[in-house]
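Below: one structure, written as structure tokens.
Just the heavy atoms: all of them, side chains too, but no hydrogens, waters or symmetry mates, feed the values below. Every chain is numbered from 1, with letters handed out A, B, ... down the list of sequences.
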Amino acid sequence: MHPVPRSFYRRDASLVAPDLLNKVLVAGNRAGRVVEVEAYRGSDDPGSHAFRGKTGRNATMFGPPGHLYVYFSYGVHWCANAVCEREGVAHAVLLRAIAPVFGLEEMRAARSRGQKHPVADRDLGRGPGRLCQALGLTREHDGADLVTGDRGVWIMDDGHRPPAIPDVGIRVGLSAGADRPWRYSVPGDRHVSGPLGRPDRPGR
DNA sequence: CTGCCGATATACT
DNA sequence: GTATATCGGCAGC
């Protein structure tokens, strides 16, 4: 069990993304296995926050690889990405879903606040906003180093390999760049969000 | 299960 | 003003 090294991230996000499947995302005393991701390729990708250049929000994407880019979405939810490629090239991999591994009750407490019913295990980390809520990731984790764990957040390799043949599909919630097949997930895993999490549905 | 709606920060027209 | 890398509640099936 060791942190994924910096060199892992210093590549095109569309190559890093499928390799992140089955890695372990750790935040404090909570952890989950990454089962769904999307690649965003900066200035080459009209679906990327970085397509039109650097802003206050996306500055972390332009920094060195192996750091966490966290942004606020729809004025409601946080979403977390692993920054890829060398400094100045704004590639990133959106962490879309985890299968909870450790700290389930902390996750459930974080996810159930202000809700009618306690959240089921399957829904703790199924979706990018839910993933951040379950792990307690917010603005204060933007820029965190995933290799050194300077803010208690790491991506670890426990020897569990990525799927030999991941499910591949189009990215969720975009209009610009919607045609690019840069969404990857672990086949058959029930913690995957959207159509790929429901076998024999469109999107496969 | 599906579809619609509201919440509302950030970036852009 | 409009769009967005989302989610939860509710209506209806």
Side-chain angles (χ1 to χ4, degrees), chain A residues 12-14 16-18 20-21 25 32 34-62 67-85 89-98 100 107-143 167-185 190-204:
Chain A
D12 190 297
S14 63
V16 175
L20 277 174
L21 294 175
L25 177 60
V34 177
V35 296
E36 181 187 2
V37 294
E38 286 175 357
Y40 287 86
R41 298 209 309 167
S43 58
D44 297 332
D45 177 5
S48 171
H49 285 169
F51 183 61
R52 293 174 190 81
K54 195 189 252 186
T55 67
R57 175 174 67 168
N58 68 18
T60 301
M61 284 185 82
F62 289 82
H67 289 251
L68 196 67
Y69 165 48
V70 183
Y71 70 92
F72 205 37
S73 178
Y74 288 91
V76 183
H77 304 285
W78 299 97
C79 294
N81 303 247
V83 173
C84 301
E85 272 285 8
V89 180
H91 284 209
V93 174
L94 173 67
L95 304 172
R96 281 198 60 90
I98 54 170
M107 293 187 196
R108 197 183 327 279
R111 288 272 297 111
S112 300
R113 255 181 275 121
Q115 297 202 200
K116 274 191 90 169
H117 305 293
V119 173
D121 288 0
R122 186 189 175 210
D123 293 328
L124 289 174
R126 186 168 63 110
R130 292 161 170 168
L131 180 157
C132 284
Q133 194 177 17
L135 296 178
L137 299 176
T138 65
R139 175 172 297 290
E140 64 189 79
H141 299 98
D142 183 43
D167 276 349
V168 181
I170 61 171
R171 296 175 293 180
V172 174
L174 292 84
S175 49
D179 53 317
R180 303 182 186 204
W182 291 339
R183 179 188 192 207
Y184 304 90
S185 57
R190 302 304 294 175
H191 305 275
V192 172
S193 75
L196 294 179
R198 301 194 299 272
D200 309 321
R201 290 273 176 176
R204 272 188 97 102

Residue set satisfying side chain to side chain donor-acceptor pair (under 3.5 Å) with A/Asp44, at least two apart, ordered chain then number -> none
A/Phe72: ring pair (Phe, Tyr, Trp, His ring centres under 6.0 Å) partners, not counting sequence neighbours: A/Trp78
Distance, P atom - from C/dG1 to B/dG6, rounded to whole angstrom: 16 Å
Using a cut-off of 4.0 Å on non-hydrogen atoms, how would the nucleic acid contact of A/Leu94 be classed: base, sugar-phosphate, or nothing? base
So what stems show up for DNA chain C if we need 3 or more Watson-Crick or G-U pairs in a row, all under 3.5 Å? B:1-7 with C:6-12, B:9-12 with C:1-4
Sequence neighbours left out, what passes side-chain contact (heavy atoms from CB on, under 4.5 Å) with A/Ser112? Give chain and number order. A/Arg108, A/Pro118, A/Val119
Would you please name every residue forming a side chain to side chain donor-acceptor pair (under 3.5 Å) with A/Ser73, sequence neighbours left out? none
Between C/dT2 and B/dC5 - P atom distance, rounded Å: 16 Å
Can you list the residues that meet the ring pair (Phe, Tyr, Trp, His ring centres under 6.0 Å) rule with A/His49, with sequence neighbours excluded? A/Tyr71
Okay, side chain of A/Arg96, backbone of A/Ser185: is any donor-acceptor separation there less than 3.5 Å? no
Would you give a per-nucleotide map of nucleotides 4-13 of chain B, 5' to 3', where B means the base has a protein non-hydrogen atom under 4.0 Å away, S means only the sugar-phosphate does, and - means neither? ---BBBSSS-
Note, A/Pro100 side chain near A/Asp121 side chain (heavy atom, < 4.5 Å): no
Residues which pass side chain to side chain donor-acceptor pair (under 3.5 Å) with A/Glu85, listed by chain and number, not counting sequence neighbours: none
Checking A/Asp12 now: which residues fulfil side chain to side chain donor-acceptor pair (under 3.5 Å) with it, not counting sequence neighbours? A/Ser14, A/Arg41
Any donor-acceptor N/O pair, A/His191 side chain to A/Arg126 backbone, under 3.5 Å: no
Taking DNA chain B as the partner, which of residues 38-48 of chain A come within under 4.0 angstrom of it by heavy atom? none
Find which nucleotide of DNA chain C each of A/Leu131 and A/Ser175 is nearest to by heavy atoms, and output the residue with the more 5' nucleotide. A/Ser175
Correct closest heavy-atom pair for A/Ser48 and A/Ala90 would be OG-O, 4.5 Å
How would you list, by chain and number, every residue that makes a salt bridge (charged side-chain N to carboxylate O under 4.0 Å, His left out) with A/Arg111, sequence neighbours excluded? none
Assign each of A/Gly173 and A/Gly114 to its nearest nucleotide of DNA chain C by heavy atoms, then name whichever residue's nucleotide is nearer the 5' end. A/Gly173
Need two values: the first and the last nucleotide of DNA chain C, 5' to 3', having an atom under 4.0 Å from any heavy-atom of chain A. C/dT4 to C/dC10
Given 3.5 Å as the limit, does a donor-acceptor pair link the side chain of A/Asn81 with the main chain of A/Val83, or not? no
